[in-house]
Amino acid sequence: MDVNQAKQEHLLALKVMRLTKPTLFTNMPVTCEDRDLPGDLFSRLMKEDPSTVKGAESLMLGEMLTLPQNFGNIFLGETFSSYISVHNDSAQVVKDILVKADLQTSSQRLNLSASNSAVAELKPECCIDDVIHHEVKEIGTHILVCAVSYTTQSGEKLYFRKFFKFQVLKPLDVKTKFYNAESDLSSVTDEVFLEAQIQNITTSPMFMEKVSLEPSLMYNVTELNTVTAGDSGESTFGKMSYLQPMDTRQYLYCLKPKPEFAEKAGVIKGVTVIGKLDIVWKTNLGERGRLQTSQLQRMAPGYGDVRLSLELIPDTVNLEEPFDITCKITNCSSERTMDLVLEMCNTSSIHWCGVSGRQLGKLSPSSSLYLPLKLLSSVQGLQASRCGERDQASARHSNPVPFGWRALPWPRSLSSWLTV
């Protein structure tokens with residue numbers, strides 16, 4: 001990864017090495033049966049091998065650690081660490097040594113040097129050492145630029161630099177899906193379910209330390225990734241949260257608007273910011289990585305100028321017996337006052353008890369009105385109906401709200417009604 005410049009004799013030598021944790025030494029055990037020609041030769045050799053685990057010589061993993069033999073892979077979210085050493089190979093004293101390390105990405109150039117001050121002098125066979133760290137936040141090509149300037153004893157100022165190119169890879173594939181709560185009750189209509197699919201696209205397993213959703217100021221979040229067992233909750237993925245290469249794991253979150261936003265109609269509409277995912281993992285011997293997604297956005301469902309939702313409705317009712325429901329009418333407009341008229345439409349099985357076409361009065365912007373109503377069912381079984389209102393001034397109708405219940409036959413006795 002070293003891009004050589006034109007050769008020039010310099011008094012100083014620059015060496016750069018990436019700092020990574022070692023790996024466990026692996027060997028290839030060779031075994032045979034005692035009746036084979038080698039007999040117990042292989043077994044004795046493995047027992048004498050210092051790299052094998054005593055008592056478990058046939059395991060591939062040993063007790064020794066291996067230093068990295070190449071640059072290896074760098075993944076987005078990990079910390080890049082490098083050791084920089086400038087050594088005086090000459091027999092003379094060098095003065096005013098300045099070592100500078102920059103990291104060039106596709107969008108910016110970062111200074112990673114711990115100090116920008118020059119070293120007064122460097123004697124023969126002495127060196128200047130520095131360790132740099134950087135949390136990688138971009139994928140693609142990165143170039144580490146190491147520059148050294150110094151002054152010789154004769155007063156000549158010299159300068160050279162080296163380039164080290166490496167690729168930053170993507171460790172995880174994150175996909176998100178939004179689901180609106182499938183309910184007509186206003187208490188849960190604005191609930192949003194977020195499904196996050198996380199896939200390990202590296203070649204080694206990961207320990208998923210944390211996967212959380214940081215909601216925006218408009219929402220409260222509830223994680224749905226645990227199963228309640230007694231007094232404590234257990235992760236749905238088990239106690240050992242490992243993600244094997246190319247495996248995918250799904251996380252689920254429920255977001256509810258905060259009361260101060262839920263009460264204000266029209267605030268949560270259009271494109272809204274939900275929040276961002278915070279993912280922390282560990283690989284190999286505890287190397288840590290962290291990723292944060294950009295702000296997740298969703299298109300909130302549109303309700304028009306007037307929104308009609310159902311606040312209260314019984315699950316079961318008696319046949320040909322009036323029952324009560326409560327509706328909530330919300331003016332989603334932020335500018336206009338609505339003059340509402342209630343219209344009731346009967347069906348072959350559902351009949352409204354009340355006056356249709358009556359005035360409901362004016363409804364100011366971003367305000368709500370609770371409306372109690374009576375219905376009567378003339379047919380048994382599951383029933384559905386629709387209710388709507390319109391703005392008298394603009395003749396605009398709200399979206400009719402479907403709702404349903406189960407109609408039971410008229411009870412002949414108390415005991416028979418209770419057994420239904």
Side-chain angles (χ1 to χ4, degrees), residues 1-25 50-51 64-169 283-289:
M1 66 178 181
D2 183 3
V3 182
N4 294 323
Q5 289 182 316
K7 291 186 177 180
Q8 181 181 0
E9 293 294 334
H10 284 281
L11 305 180
L12 303 181
L14 173 65
K15 295 182 178 180
V16 178
M17 179 178 66
R18 183 193 174 192
L19 297 179
T20 58
K21 292 187 177 182
T23 58
L24 290 172
F25 178 79
S51 65
M64 293 186 176
L65 298 177
T66 304
L67 294 176
Q69 302 298 314
N70 51 42
F71 188 80
N73 294 324
I74 299 180
F75 294 100
L76 183 68
E78 294 182 344
T79 300
F80 169 70
S81 300
S82 182
Y83 167 72
I84 301 176
S85 178
V86 176
H87 187 266
N88 188 355
D89 292 342
S90 68
Q92 57 178 290
V93 177
V94 179
K95 299 180 179 180
D96 301 330
I97 306 97
L98 179 62
V99 182
K100 187 178 180 181
D102 292 339
L103 185 63
Q104 178 70 53
T105 69
S106 58
S107 62
Q108 58 183 336
R109 189 183 182 101
L110 304 170
N111 181 19
L112 305 183
S113 300
S115 175
N116 293 323
S117 58
V119 178
E121 64 177 21
L122 185 63
K123 296 180 180 180
E125 300 302 325
C126 292
C127 61
I128 300 174
D129 299 324
D130 190 14
V131 177
I132 58 175
H133 303 280
H134 174 67
E135 183 179 349
V136 182
K137 298 181 179 180
E138 296 182 39
I139 60 175
T141 303
H142 287 57
I143 302 176
L144 180 63
V145 183
C146 298
V148 180
S149 61
Y150 61 96
T151 304
T152 63
Q153 284 185 339
S154 61
E156 182 182 4
K157 294 184 178 180
L158 298 178
Y159 169 84
F160 70 95
R161 61 180 179 173
K162 289 187 176 181
F163 301 88
F164 302 88
K165 181 187 294 185
F166 59 91
Q167 293 290 332
V168 175
L169 306 177
T283 59
N284 295 335
L285 295 181
E287 294 174 305
R288 190 174 184 180

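The first residue in the sequence is number 1, and the count goes up from there. Heavy-atom basis, side chains included; hydrogens, waters and symmetry copies ignored. Keep in mind that this is a model prediction, so the values were computed, not measured.
The two atoms that bring Val136 and Phe75 nearest to each other are CB-O, 4.3 Å, heavy atoms only.
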Q.
Using the rule given for side chain to side chain contact (heavy atoms under 4.5 Å, CB included), can you reason through Val119 versus Val86, listing the C-alpha separation, both sets of side-chain angles and the distance that settles it, and then say yes or no?
A. CA-CA 11 Å; Val119 178; Val86 176; over 6 Å; no
**Q.** Worked check of side chain to side chain contact (heavy atoms under 4.5 Å, CB included) between Asp130 and Val99
**A.** CA-CA 9 Å; Asp130 190 14; Val99 182; over 6 Å; no
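Partners of Asp96 by side chain to side chain contact (heavy atoms under 4.5 Å, CB included), not counting sequence neighbours, listed by chain and number: Thr151. Among residues two or more places apart in sequence or in another chain, the side chain to side chain donor-acceptor pair (under 3.5 Å) test is passed with Thr141 by Gln167. Here Ser154 pairs with Thr152, Glu156 under the side chain to side chain contact (heavy atoms under 4.5 Å, CB included) rule; sequence neighbours left out. Applying the side chain to side chain contact (heavy atoms under 4.5 Å, CB included) criterion to Ala118, with sequence neighbours excluded, gives Leu98. Partners of Ser90 according to the side chain to side chain donor-acceptor pair (under 3.5 Å) rule, which considers only residues two or more places apart in sequence or in another chain, are Asn88. Every residue was checked against the side chain to side chain donor-acceptor pair (under 3.5 Å) condition with Gln92, not counting sequence neighbours, and none meets it. Remark: Ser85 pairs with Asp129 by the side chain to side chain donor-acceptor pair (under 3.5 Å) rule, at least two apart or across chains. Remark: Ser113 pairs with Lys100, Ala101, Asn111, Asn116 by the side chain to side chain contact (heavy atoms under 4.5 Å, CB included) rule, at least two apart or across chains. Residues forming a ring pair (Phe, Tyr, Trp, His ring centres under 6.0 Å) with Phe80 (at least two apart in sequence, or on another chain): Phe166.
One distance of note links CG of Leu110 with CD of Gln104; it measures 8.5 Å at 0.5 Å rounding. One distance of note links CZ of Arg161 with CG of Leu14; it measures 12.5 Å at 0.5 Å rounding. Expressed to the nearest 0.5 Å, how far CG of Leu11 lies from OH of Tyr150 amounts to 4.5 Å. Cys127 SG to Ile84 CD1: the interatomic distance, rounded to the nearest 0.5 Å, is 13.0 Å. With rounding to the nearest 0.5 angstrom, the CD1 atom of Ile97 is 5.0 Å from the CG atom of Leu122. Rounded to the nearest 0.5 angstrom, Ile139 CD1 and Thr105 OG1 are separated by 11.5 Å.
Among residue pairs with one or both ends in residues 106-125, those qualifying as salt bridge (Lys or Arg N to Asp or Glu O under 4.0 Å) are Asp102-Arg109; sequence neighbours excluded. Counting only residues at least two apart or in different chains, ring-ring contact (aromatic ring centres under 6.0 Å, His included) contacts with residues 86-139 are absent. Within the structure, no pair that satisfies the salt bridge (Lys or Arg N to Asp or Glu O under 4.0 Å) test touches residues 77-89, not counting sequence neighbours.
Counting only heavy atoms from C-beta outward, the side chains of Val93 and Gln153 approach each other to under 4.5 Å.
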